[in-house]
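In this text, all values refer to a predicted model and were calculated from it rather than measured experimentally. Every chain is numbered from 1 and lettered A, B, ... according to where its sequence line falls, protein lines coming before strand lines.
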Amino acid sequence: MKQHSRQNIKVINSIDELFTMIDISENRNISFHHHLRNGDYVLNYVLDKYKRENINNINLFPSAIFPSYTSILDLIKNNQINNITTNYINGPVAEYITMNGLLGKLIMQTHGGRARSIIEGRNIIDIAFIAAPYVNTFGDAVGYLGKSKCGSLGYCIPDSIHAKIKVLVTDNLVDEKIINPEIIGKNIDYILLVDKIGDTKGIVSGTTEITKNPIGVKIAKNTSVLLNELGLIKNGFSFQSGAGSVSLRVTKDVKDIMIKENIKASFFSGGITKYHVEMLEEGLVERLYDVQCFDLEAIESLNRNANHIAISSSRYANPNNVNQIIKDLDIVILGATEIDYNFNVNVTTDSHQMLIGGSGGHSDTASESKICVIVSPLIKGRIPVIKEVVTTKTTLGKNIDCLVTERGIAINPLRVDLIEKLKDTKLKIYPIKELAQIAYNFTNIPKDTIKRDIIIGEVEDLTYEIIDHIYKK
Amino acid sequence: MSRSYLFIPGNTPSMIQNLDVFDSDAIIIDFEDSVTVFEKDSARILINNFLKKYSYNEVEIYVRINSADSPYFGDDVSSLHNLDITGFVLPKASVEGIRELCKLSDKAIIPIIESPLALLRVEDIAKEKNVTALLLGAEDYTKELGIKRTLEATEIFYARSIIAITANAYGLDAIDTPYTNKDNEEGLLIDATNAKNLGFTSKSLIHPNQVEIINQVFAPSLEEITEARRIIKKSEGSSKGAFSLDGKMIDLPIIEKAKKVLEKAKKYNL
Amino acid sequence: MKTSAGSLESSDCLITISDSNKLEITIESVVFDQFGDQIQAVIEETLKEHNITKLFVQCFDKGALDYTIKSRLETAIKRRGENLE
C-alpha cells in the first residue's frame, strides 16, 4: 500500500468557497452525471451559483436531464446557457427546449459517444461536478455506499479523469481506505462537502417491475420464443435488457428457458435491477457489468457480490475502448416510441414531437451487439408504433434486427441469416410494412403533423455521425 | 374442441379489440356480470359495431348473454343477430332457458351449470338442441350451497365429475370453471390438471395471463399423441373393428378418441 | 336534454350530446393531431346514418378506435330517444 505517497484532497464546504479559488467565469463548460436521477440535489445546487453570478455562455454536459433538474430551465430562460450536450432529456426542461430551442443547440449523444467525446477531447469540460455518495479523504469514491447511495457511478468516470477540474460533491466523507474505488483520488482536485447530495426516494426510482399487462406479457413471450428459435439462448450467452417492464418480462421468460434447459449465461450488462441480481445469485449468470443501478437490491448487490462489477461508461460502450463490454454482447432488448419502414428507431421524441428521452445506450448496444430486438406494443393509444419515417432517428435501422409486437414480428431484411433460420417457425413474421398495415386496420393512418422548419438540435451517433436533427415543435 | 375460453368484459374496448392476441382458443364476450345494468345497452352496441367491422378465423367467439329470465335476454340476443359468432354462453342454465334461446337463434349454446338444480338436471340440459358444451360455474354453485371454494376443490368434486361424465356421454365439450386467483400460476396449474383428470376437455378463464398454462394442460401430451398415432396406424391396417395393441384391447370408442387427439394436435400445431 | 355514453378509460371515449339548433361538434383527444379529422368524420357519418342534423356533440377521446366512437355516439342517441319517449 503506497498510501504515504497519496495526498489528502482539499476539502471545501460550499460552492462559494470553491469559486474563491477558481474563477467561475472561466469555467463555463460544466458536467454532471445523473446517477441520483430525480433525487439529485447537486446539479441544482451548483447551477444556482451560476445563476446568481449571472454567468452567460454556459455549455452544459449532464449525462442526462431529469424532471427535477429545474435550475437548467431558469438558466435557459435567462439566456445563460449556450449548448446542452446530453444523452437523455425528460420533463420540464425537455418540454421547454422542444417549444423554444436554445441559444446554441441541443446535442444528443449516446452513452458510449459521450464517454468517447470526453476522452478524445471533443467534449471539453472545464469542471466536472461529481455527486459521490461515499468518498474518502484521498478522493477515492464509490456509489454503492453512504446515505445517498446510488450504485454504479459509471457515467461520470470519463469526467472524473478528463475534465480540467474535478470536484467531488459528497455528504459522506470518511477516512477509511476504499477497496476498488470507482473514482480514483489522484484525479480529483476538490471535495465539496454538503449536507445532502440527494433525496433517497428520488434516487431509487422503484419503477422496475415486470409487466403483468397481457399485451406486454404476449410481447415478451413472442420475444423469448424468437430468441430461443434463433438458438441464441445457449451456454455462455450474454444479454442486456434494461429496466423496461416488458424487457424485464423477457428476462423472466428467458430465465425460465435457462432453468428448464440448464443453461448458464456469461454476463448481463447495462442497467441492473433486482431481477438480474437474483439470476446472478442463483448461479444463472456469471457476471453483471453494471453501468447504472435501477433499484436498492442492485445497489446492495454491488457491495456484496464480487461478480457484480461496476464499469465506466467508456468500458461499457465507447467503441474505441479495447475492453468495451457490449462488443461481446449477444442479445440486447430495447424499446421504441417509433420505428419506421427502414427500422430506424426513435426514443428521443414522442409522436407529438416532444423531447421525452434520448439514446442513452440505445444506439450503442444496438450497434455493437449481435442481435438487437425492439419490443413494443403495435398500437399505443391509437398510435401505431410503426411509421413511414420516424420523427427523430435515435438509432439507425441498419443496427436494428427485429421488431417484436403482440401481433407479430418484423425482421430487418438486411438480416437474411435470421430470416433463413426462421423459415419454418410458427411465429407470425411479417414484412414491416405488412405489420404496419395490421395496425392501420385498427387505427387508420395517422396524419403526419411533424414540423421540420427550425432546427434546435442534433442526434450524434457513437460514430460521431450526425444521424438526424431535432426540430422545434 | 377449444382448450381455453377467455371471458372478456363486453363494454371494455381496450380488451375487445385485442381479443385475438391472447392466444385463447375461444373468447367469451361478456354481457352479464362484468357489465353493469346501466351499460347493457352500451355493450350491445359496442359489440355489434365491433363484430360488423372485424372478423376472426383463428379464434371462436361466444357471447355470454344475460340469463333467459332476466330483462336483458331478448335485447342481448337480438343485438347479436346476423353477426359472425360461434354461439352463446347461457348463464343460470335451465332446460326452459335453452328452449327460449333456441326459439330466437340456431347458434351453438354453452349452458353454464351454476346451481344445484341445474346440476341435478344436467343430463336433460345436455340433451337439448344446439347445446355443444357444458360449462361449470362453480362460484355461483358453491355460493348457493353456502360452501367455500378451496384450492383442493373437493367441494366441487361431484359437480365436476357429473358434468364431465355427462358431457362425455353426449359428445359435448366439458368446460371447467375459472380459477379466480389470477396471480397464482401454481394454483392454476393444479386446478386445471385436476379438472383434466376428471374428464374436462377445456377450462374457462378470467385473465389473459392464464391462457398459456390452460392451453398446455388441455393440449394432448406428446405421449398421448404418439399413442394415438400408433392406434390409428394399426386400425388402418386392420379389417376388424377391434384388435389388440401391447396386449390391450382397442375398440371403436378408443379409435374415435385417438382420432380426436390427433385432430387436436393438428389444430394446435403440436 | 343531455345524455352521454362511454368512459374516459384508455381506448374509450366519452360522448355527451345535447339540444342545439344546429350541428355542433367539439372534440378533445389525446391523439387530436393525428386523428382529429378522422374522429370528426366518424361522428358526422354516424349522425347522418341516424338522420340527425341538429345536435351538440362533445367527444372526450382517449384513443378510441372508430367503432368505439361510433358505438358511444349511437348509445347516447339511443338513450336520448328513450328519454324523449
Side-chain angles (χ1 to χ4, degrees), chain B residues 6-22 27 29-56 59 61 63 65-66 71-85 206-209, chain C residues 1-17 27-32 34-35 38-52 55 57-85:
Chain B
L6 172 63
F7 282 100
I8 283 185
N11 198 34
T12 310
S14 59
M15 292 288 285
I16 292 159
Q17 60 214 32
N18 284 308
L19 60 79
D20 60 327
V21 307
F22 303 127
I27 295 291
I29 295 171
D30 183 29
F31 282 179
E32 199 207 17
D33 289 350
S34 67
V35 179
T36 66
V37 294
F38 309 106
E39 297 292 349
K40 301 287 184 196
D41 55 348
S42 265
R44 286 181 205 122
I45 292 173
L46 187 73
I47 295 307
N48 186 283
N49 279 320
F50 176 73
L51 291 175
K52 273 196 287 202
K53 186 149 183 186
Y54 302 101
S55 61
Y56 298 92
V59 57
I61 296 177
V63 178
I65 52 179
N66 288 277
Y72 315 109
F73 174 75
D75 287 342
D76 282 355
V77 178
S78 61
S79 77
L80 298 162
H81 187 64
N82 280 340
L83 293 179
D84 185 18
I85 61 170
I206 43 133
H207 196 281
N209 292 357
Chain C
M1 191 188 44
K2 206 171 190 177
T3 53
S4 357
S7 78
L8 295 174
E9 306 279 310
S10 172
S11 299
D12 204 345
C13 66
L14 180 65
I15 288 195
T16 301
I17 56 174
I27 297 165
E28 269 179 43
S29 171
V30 291
V31 290
F32 191 84
Q34 292 87 355
F35 292 106
Q38 175 78 15
I39 294 168
Q40 175 90 18
V42 170
I43 291 173
E44 284 174 4
E45 208 173 291
T46 306
L47 291 173
K48 211 180 212 175
E49 278 173 34
H50 291 261
N51 295 318
I52 293 170
L55 195 64
V57 181
Q58 286 169 286
C59 174
F60 304 94
D61 170 56
K62 296 285 181 184
L65 302 181
D66 289 352
Y67 82 94
T68 301
I69 297 164
K70 179 177 162 70
S71 297
R72 296 326 190 190
L73 179 54
E74 287 184 340
T75 304
I77 292 169
K78 185 160 181 287
R79 288 174 180 178
R80 179 182 167 85
E82 281 158 6
N83 286 349
L84 286 174
E85 272 162 21

Discussion item. I'd like to know whether B/L46 forms a side chain to side chain contact (heavy atoms under 4.5 Å, CB included) with C/R72, so could you lay out the CA-CA distance, the side-chain angles of the two residues, the decisive distance to 0.1 Å, and finally the verdict.
Written reply: CA-CA 7 Å; B/L46 187 73; C/R72 296 326 190 190; 4.0 Å; yes
Item to complete: Name the region of C/S10, side chain, backbone, both or neither, that has any atom closer than 4.5 Å to a heavy atom of chain B.
Response: backbone
Response to the item:
Scored by heavy-atom pairs under 4.5 Å with chain C, the best of B/K52, B/E39, B/R44 is B/E39
Fill in: Residues, nucleotides or ligands: over 12 heavy atoms within 6.0 Å of C/E45 CD
no
Worksheet item: Any idea how C/Y67 and B/F50 line up, ring-wise: parallel (<30°), tilted (30 to 60°), or perpendicular (>60°)?
Response: tilted
Discussion item. Salt bridge check, C/K78 against B/D41: does any charged N sit closer than 4.0 Å to a carboxylate O?
Written reply: no
Worksheet item: If you take all heavy atoms of B/P13 and C/S11, which pair is closest and at what distance?
Response: CB-O, 3.3 Å
Discussion item. How long is the straight-line distance from CG of B/N11 back to CD of C/E9, given to the nearest 0.5 Å?
Written reply: 10.0 Å
Worksheet, complete the sentence: To the nearest 0.5 Å, atom CD1 of B/I45 lies from atom CD1 of C/I77 at 9.0 Å
Discussion item. Report which part of B/F38 has an atom under 4.5 Å of a heavy atom belonging to chain C: side chain, backbone, both, or neither.
Written reply: backbone
Fill in: Distance, nearest 0.5 Å, that separates NZ of B/K53 from NZ of C/K70
9.5 Å
Worksheet item: OG/C/S71 to CD1/B/I47 distance, rounded to the nearest 0.5 angstrom?
Response: 8.5 Å
Worksheet item: Is the closest side-chain heavy-atom distance between B/N48 and C/E74 below 4.5 Å?
Response: no
Discussion item. Around atom CG of B/D84, are there more than 12 heavy atoms from other residues, nucleotides or ligands closer than 6.0 Å?
Written reply: no
